[in-house]
Number of protein chains: 2
Amino acid sequence: MGASNLTLHSQKQKDIAAVAKVLAHPARVAIIQYISSQDACICGDIVDKIGLSQPTISQHLQVIRSAGLIKGSFEGKSICYCIDVVRFKELQNIFNNFFNTTAANCC
Amino acid sequence: MGASNLTLHSQKQKDIAAVAKVLAHPARVAIIQYISSQDACICGDIVDKIGLSQPTISQHLQVIRSAGLIKGSFEGKSICYCIDVVRFKELQNIFNNFFNTTAANCC
DNA sequence: ATATGATATTGCAATATTACGATAATACTA
DNA sequence: TAGTATTATCGTAATATTGCAATATCATAT
């Protein structure tokens with residue numbers, strides 16, 4: 001097949017995987033970092049900055065937004081994408097929790 | 001196309017994405033958690049535990065091992081997979097560094 | 001050396017992801 | 001309201017990922 005079995009893994013495991021998937025592409029990492037680096041919510045120039053086509057960037061933005069990491073709001077003609085701090089901390093906690101509860105007991 | 005442009009993103013961004021990719025599948029998360037939950041390096045029963053076929057598990061183990069998260073050593077007839085603590089902390093740091101340096105400056 | 005149990009590799013099919021051009025939708029401006 | 005700039009969606013092609021059956025490899029034990 002190739003499709004993931006939906007019943008095999010716990011919800012927590014699926015959550016971790018889903019969050020990781022968002023960061024699993026350098027373009028999305030770059031987009032998130034770029035958005036966070038701007039003092040104002042400049043967004044239209046993400047396309048120029050990252051170097052991918054406008055539709056591709058838009059697609060990546062959807063993925064990031066679906067995970068709740070950013071939120072967009074209209075700012076004149078363009079859209080202002082910003083980090084959702086609350087959700088961002090939440091994801092950091094999910095990762096930290098995973099790393100902290102996963103220790104080595106042997107070797 | 002569908003292939004990532006190799007020159008667009010920084011090495012750091014690619015590193016983060018590569019690490020995230022390992023955790024971007026619930027089966028791999030489950031495998032890592034299972035390995036870490038055993039006091040001894042029991043490994044052959046990962047297949048029974050996770051519920052995927054032996055080749056599939058082997059494939060996932062390769063991905064995890066390539067990232068350096070686990071290391072395997074022969075233990076009798078079977079192979080003992082254990083968490084590589086040093087590398088594990090390293091990855092946690094990569095993530096934390098990403099999250100901590102990515103703040104919201106607007107909205 | 002051979003048999004055995006355990007893990008890895010190969011080959012292949014199904015699905016998902018990534019990317020872009022063309023086009024549509026949206027919000028503002030004149 | 002028509003025009004313009006900006007972002008989203010659609011359609012499609014290329015590549016990657018996921019999964020398993022069949023087979024090969026490897027380390028031990030006999």
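Just so you know, these numbers come straight off a predicted model, no measurement behind them. In what follows, chains are A, B, ... by sequence order, proteins preceding strands, each numbered from 1.
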Closest listed nucleotide, where the reference is the side chain of B/Lys77 and the choices are D/dT9, D/dT28, D/dC20: D/dT28
Distance in angstrom units between A/Lys21 NZ and D/dT18 P, rounded: 7 Å
A/Tyr81 side chain near D/dA8 phosphate (N/O to OP1/OP2, under 4.0 Å): yes
Value in whole Å for how far the P atom of C/dA8 lies from CD1 of B/Ile46: 9 Å
A/Gln59 side-chain proximity, nearest of C/dA19, D/dT7, D/dG19: C/dA19
Gap between atoms CD1 and C1', on A/Ile31 and D/dT7 respectively (whole Å): 13 Å
Integer-rounded Å distance: D/dT17 C1' and B/Ile57 CD1: 15 Å
A/Val19 and A/Phe98, any side-chain heavy atoms less than 4.5 Å apart: no
Interatomic distance, B/Phe74 CZ vs D/dA29 C1' [rounded to whole Å]: 15 Å
Nearest-nucleotide 5' precedence on DNA chain D, A/Arg65 against B/Pro55: A/Arg65
Length of the CG-P vector between A/Leu52 and D/dA8, whole Å: 15 Å
Any A/His25 side-chain nitrogen or oxygen under 4.0 Å from OP1 or OP2 of C/dA19: yes
Ring geometry between B/His25 and A/His9 (parallel below 30°, tilted from 30 to 60°, perpendicular above 60°): perpendicular
Sugar-phosphate only, base, or nothing, as touched by B/Ser58 at under 4.0 Å among non-hydrogen atoms: base
Protein-nucleotide distance (A/Lys49, atom NZ; D/dT7, atom C1'), rounded to Å: 21 Å
Heavy-atom side-chain contact between A/Gln92 and B/Asn96 under 4.5 Å: yes
Distance, rounded to the nearest Å, where A/His60 contributes NE2 and C/dT18 contributes P: 6 Å
Touch class at under 4.0 angstrom, heavy-atom based, for B/Gln54 against every strand present: base
Whichever of B/Leu61 and A/Ser53 has its nearest DNA chain C nucleotide further upstream toward 5': B/Leu61
Side-chain donor or acceptor of B/Ser37 paired with backbone N/O of B/Tyr34 under 3.5 Å: yes
Closest to the A/Ser78 side chain, choosing from C/dT4, D/dT7, C/dT7: D/dT7
Sugar-phosphate only, base, or nothing, as touched by B/Thr56 at under 4.0 Å among non-hydrogen atoms: base
Nearest-0.5 Å distance that lies between atom CD1 in B/Ile16 and atom CD1 in A/Ile32: 9.0 Å
